[in-house]
Amino acid sequence: QVQLVESGGGLVQPGGSLRLSCAASGSIFLLKATGWYRQAPGKDRELVAGVTSRDATYYADSVKGRFTISRDNAKNTLYLQMNSLKPEDTALYYCNTFGTVQRQDWGQGTQVTVSS
């Protein structure tokens, strides 16, 4: 099975930027529809960005224009560039497949906290 390890989170001020990384153990993972999810305390996990096997991208309305998803198949790594961060972006961020593709085992996530 694919092992997913998220990193790059941290504490930033509103308007700041972070770049999250998702390291996958298998290259096949990045040939599938892959994305970033987030979960805030007391909230359901939600998909915020995704990229298909043909490199089409998806963004939730809440992050359009601010977040950019990309991947490097050679490095088996998925990225999420987050700009103009808002307090409501505070959450644990996870990577995984999305859509009709079966989810892999979830990683530990990486914490993003946006606060003054």
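Atom CZ of Arg38 is separated from atom OG of Ser62 by 4.5 Å, given to the nearest 0.5 angstrom. Here the CZ-CG distance, from Arg19 to Asn83, works out to 10.0 Å after rounding to the nearest 0.5 Å. Atom-to-atom distance recorded for Ser115:OG and Leu85:CG is 12.0 Å, nearest 0.5 angstrom. We find the CG-CG distance between Asp55 and Asn73 to be 7.5 Å, quoted to the nearest 0.5 Å. Separation of atoms OH (Tyr79) and CD1 (Ile69) is listed at 12.5 Å; rounding is to 0.5 Å.
Put simply, the side chain of Met82 does not reach to within 4.5 Å of the side chain of Val63, judged on heavy atoms. With contacts defined as side-chain heavy-atom distances shorter than 4.5 Å, the pair Asp44/Glu46 does not qualify. Contact annotation: the side chain of Thr97 never approaches that of Val2 to less than 4.5 Å [non-hydrogen atoms, C-beta and beyond]. Tyr59 has its side chain out of reach of Arg66: every pair of non-hydrogen atoms, C-beta onward, lies at least 4.5 Å apart. Within the 4.5 Å cutoff, no side-chain heavy atoms of Ser25 are placed close to those of Gln104. Inter-residue side-chain proximity for Arg45 and Asn96 is flagged as unmet; no heavy-atom pair is nearer than 4.5 Å.
Ion pairing of Asp61 with Lys64 is present here, as a side-chain N (NZ or NE/NH1/NH2) and a carboxylate O approach within less than 4.0 Å.
Between Gly109 and Leu92 the shortest heavy-atom distance is C-CD2, 4.0 Å. Taking each heavy atom of Ser21 and Thr77 in turn, the nearest pair found is CB-CG2, 4.2 Å. Leu80 and Trp36 get closest at one heavy-atom pair: CB-NE1, 3.4 Å. Across all their heavy atoms, Val114 and Lys86 have their closest contact at CB-O, 3.3 Å. Summarising the geometry of Asp105 relative to Leu4, their closest heavy-atom pair is O-CD1, 3.7 Å, with the distance given to 0.1 Å. Contact detail for Gln111 and Thr90: the closest heavy-atom pair is NE2-CG2, 4.0 Å.
Using cut-offs of 30° and 60° for the angle between ring planes, the Phe67 and Tyr93 rings count as tilted.
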From CA spacing to verdict: side-chain hydrogen bond (donor to acceptor under 3.5 Å, both in side chains), Tyr37, Arg103: CA-CA 12 Å; Tyr37 299 75; Arg103 295 310 151 261; 3.2 Å; yes

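Within a 6.0 Å sphere centred on CD of Gln13, other residues, nucleotides and ligands contribute 12 heavy atoms or fewer.
Cluster membership check: Val48 shares its hydrophobic cluster with Val112, using side-chain heavy-atom separations under 4.5 Å among Ile, Leu, Val, Met, Phe, Trp and Tyr.
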